[in-house]
Amino acid sequence: MGLFYKKNRQDPFMAKLLEEAEKTRLCVEFLEKNMGNINQSLLDENQLLIDSIPELKSVLIDDLNNTFITPIDREDIYHISASLLALSKYSQTTLEEIYLLNVMPDKFIYVMVGNVKKETTAICKIIFHLIKNPRLSYEQIVTVTKLENEIDKTYREAVKVLFADKKRLTDNLQDILHLREVYRHISNMSDKANTAADVLGIAVMKLS
């Protein structure tokens with residue numbers, strides 16, 4: 001399926017979480033690849049991928065309801081899965097915003113989305129290593145935290161540059177507001193990745 005999924009056969013719950021994380025990573029990768037040239041067909045294609053994720057989550061929840069033996073706490077598994085689903089949905093709504101608001105992605109958008117993709121790759125690594133080598137998982141949790149800080153920094157810099165040109169503010173205020181909305185949306189997408197990493201961090205602490 002992806003970078004890590006085929007290698008992980010240690011536990012059915014972790015395999016399902018990893019599959020969900022891989023699909024989430026693919027959604028963000030799709031966003032990065034296509035946000036400069038979006039059309040309805042591309043939106044539909046990404047939506048099809050996203051639509052397969054709630055089914056994974058439903059199967060995972062059903063399995064949780066049918067067993068008391070899980071590799072990490074049941075609540076943690078649920079919250080990780082929910083955060084991944086929310087993150088994947090943000091990839092679609094970001095595409096939709098860029099398309100509907102007629103925004104041309106700039107260097108700040110590409111940098112932020114690229115770092116969100118790195119966050120999702122790190123989350124896949126966290127889940128892959130979680131049971132057998134929690135120390136390696138912790139290193140990737142730190143990576144996600146650093147990436148979120150970098151995204152926040154890029155967001156603030158982008159907004160500063162956006163509103164620095166007074167003439168542009170006067171002549172193209174609507175375009176500026178649309179661009180800021182996309183910046184904000186990507187920053188929120190990163191927050192979902194960080195939420196998943198935070199819950200995974202709690203799981204690592206419990207296993208250590």
Side-chain angles (χ1 to χ4, degrees), residues 1-33 49-50 52-53 56-57 60-61 63-64 70-92 94 108-156 185-208:
M1 147 120 3
L3 296 177
F4 308 98
Y5 178 65
K6 290 182 180 179
K7 300 177 184 179
N8 187 30
R9 293 289 183 265
Q10 59 205 6
D11 179 271
F13 287 100
M14 302 314 295
K16 288 185 177 69
L17 272 183
L18 187 51
E19 184 179 3
E20 186 177 350
E22 272 287 334
K23 287 194 173 185
T24 300
R25 183 187 64 81
L26 290 174
C27 289
V28 177
E29 188 176 84
F30 188 93
L31 165 64
E32 181 186 45
K33 179 180 177 181
L49 178 58
I50 293 170
S52 67
I53 297 176
L56 283 173
K57 183 172 179 284
L60 185 63
I61 302 282
D63 288 347
L64 286 173
T70 58
I72 59 177
D73 286 353
R74 294 153 55 89
E75 294 83 359
D76 292 341
I77 293 174
Y78 176 86
H79 288 303
I80 294 163
S81 178
S83 296
L84 290 170
L85 178 57
L87 176 54
S88 68
K89 288 180 176 178
Y90 260 97
S91 76
Q92 180 71 359
T94 301
F108 297 112
I109 289 176
Y110 276 103
V111 168
M112 285 192 285
V113 171
N115 279 331
V116 174
K117 186 180 73 172
K118 290 177 183 177
E119 286 181 307
T120 60
T121 299
I123 288 171
C124 290
K125 292 179 180 178
I126 294 167
I127 296 171
F128 178 72
H129 291 298
L130 184 59
I131 302 301
K132 291 187 176 180
N133 199 334
R135 183 184 63 81
L136 292 178
S137 286
Y138 181 74
E139 291 175 1
Q140 294 300 320
I141 290 166
V142 173
T143 295
V144 174
T145 300
K146 289 179 178 178
L147 286 166
E148 192 206 16
N149 290 337
E150 188 63 31
I151 290 168
D152 286 342
K153 180 181 176 181
T154 303
Y155 171 77
R156 291 191 296 271
H185 210 71
I186 297 169
S187 177
N188 289 342
M189 179 166 54
S190 173
D191 290 341
K192 297 300 180 183
N194 194 59
T195 298
D198 282 344
V199 181
L200 284 162
I202 293 171
V204 169
M205 289 179 63
K206 292 175 181 177
L207 291 170
S208 300

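One is the number of the first residue; the rest follow in order along the sequence. In this text, all values refer to a predicted model and were calculated from it rather than measured experimentally.
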Shortest non-hydrogen separation from [X] to [Y] and the atoms involved:
{"X": "D191", "Y": "E148", "result": "OD1-OE2, 2.8 Å"}
{"X": "S83", "Y": "T195", "result": "OG-CG2, 3.4 Å"}
{"X": "V204", "Y": "P134", "result": "CG1-O, 3.7 Å"}
{"X": "Y110", "Y": "E32", "result": "CE2-O, 4.0 Å"}
{"X": "V28", "Y": "T120", "result": "CG2-CG2, 3.9 Å"}
{"X": "L17", "Y": "L84", "result": "O-CD1, 4.0 Å"}

Atom pair [atom1] ([X]) and [atom2] ([Y]), whose distance is rounded to the nearest 0.5 Å:
{"X": "E119", "Y": "S190", "atom1": "CD", "atom2": "OG", "value": "3.5 Å"}
{"X": "N194", "Y": "I123", "atom1": "CG", "atom2": "CD1", "value": "8.5 Å"}
{"X": "I50", "Y": "K23", "atom1": "CD1", "atom2": "NZ", "value": "11.5 Å"}
{"X": "S91", "Y": "H185", "atom1": "OG", "atom2": "NE2", "value": "9.0 Å"}
{"X": "C124", "Y": "H129", "atom1": "SG", "atom2": "NE2", "value": "11.0 Å"}
{"X": "N115", "Y": "K153", "atom1": "CG", "atom2": "NZ", "value": "11.5 Å"}

Q.
Check this for me, if you would: do K146 and E150 make a salt bridge, where the nitrogen-to-carboxylate-oxygen distance has to be below 4.0 angstrom?
A.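 No.
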(Q) I'd like to know if R25 and E29 make a salt bridge, using a cut-off of under 4.0 Å between side-chain N and carboxylate O. (A)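 Judged by the 4.0 Å cut-off on N to carboxylate O distance, R25 and E29 do form a salt bridge.
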Quick one: does [X]'s side chain get under 4.5 Å of [Y]'s, heavy atoms only?
{"X": "V116", "Y": "L87", "value": "yes"}
{"X": "T143", "Y": "K125", "value": "no"}
{"X": "D198", "Y": "I202", "value": "no"}

Donor-acceptor contact present, side-chain [X] to main-chain [Y], <3.5 Å:
{"X": "T24", "Y": "E20", "value": "yes"}
{"X": "S137", "Y": "L130", "value": "yes"}
{"X": "S88", "Y": "L85", "value": "yes"}

**Q.** T94, T154, L31 screened by side-chain contact (heavy atoms from CB on, under 4.5 Å) with I186, the one that passes
**A.**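 For I186, the side-chain contact (heavy atoms from CB on, under 4.5 Å) test succeeds with only one of T94, T154, L31, which is T94.
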Q: Could you check L200 against Q140 for side-chain contact (heavy atoms from CB on, under 4.5 Å), going step by step and ending with a plain yes or no?
A: CA-CA 10 Å; L200 284 162; Q140 294 300 320; over 6 Å; no
**Q.** For H79, all residues meeting ring pair (Phe, Tyr, Trp, His ring centres under 6.0 Å), sequence neighbours excluded
**A.**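 Ring pair (Phe, Tyr, Trp, His ring centres under 6.0 Å) check on H79 returns nothing, list empty.
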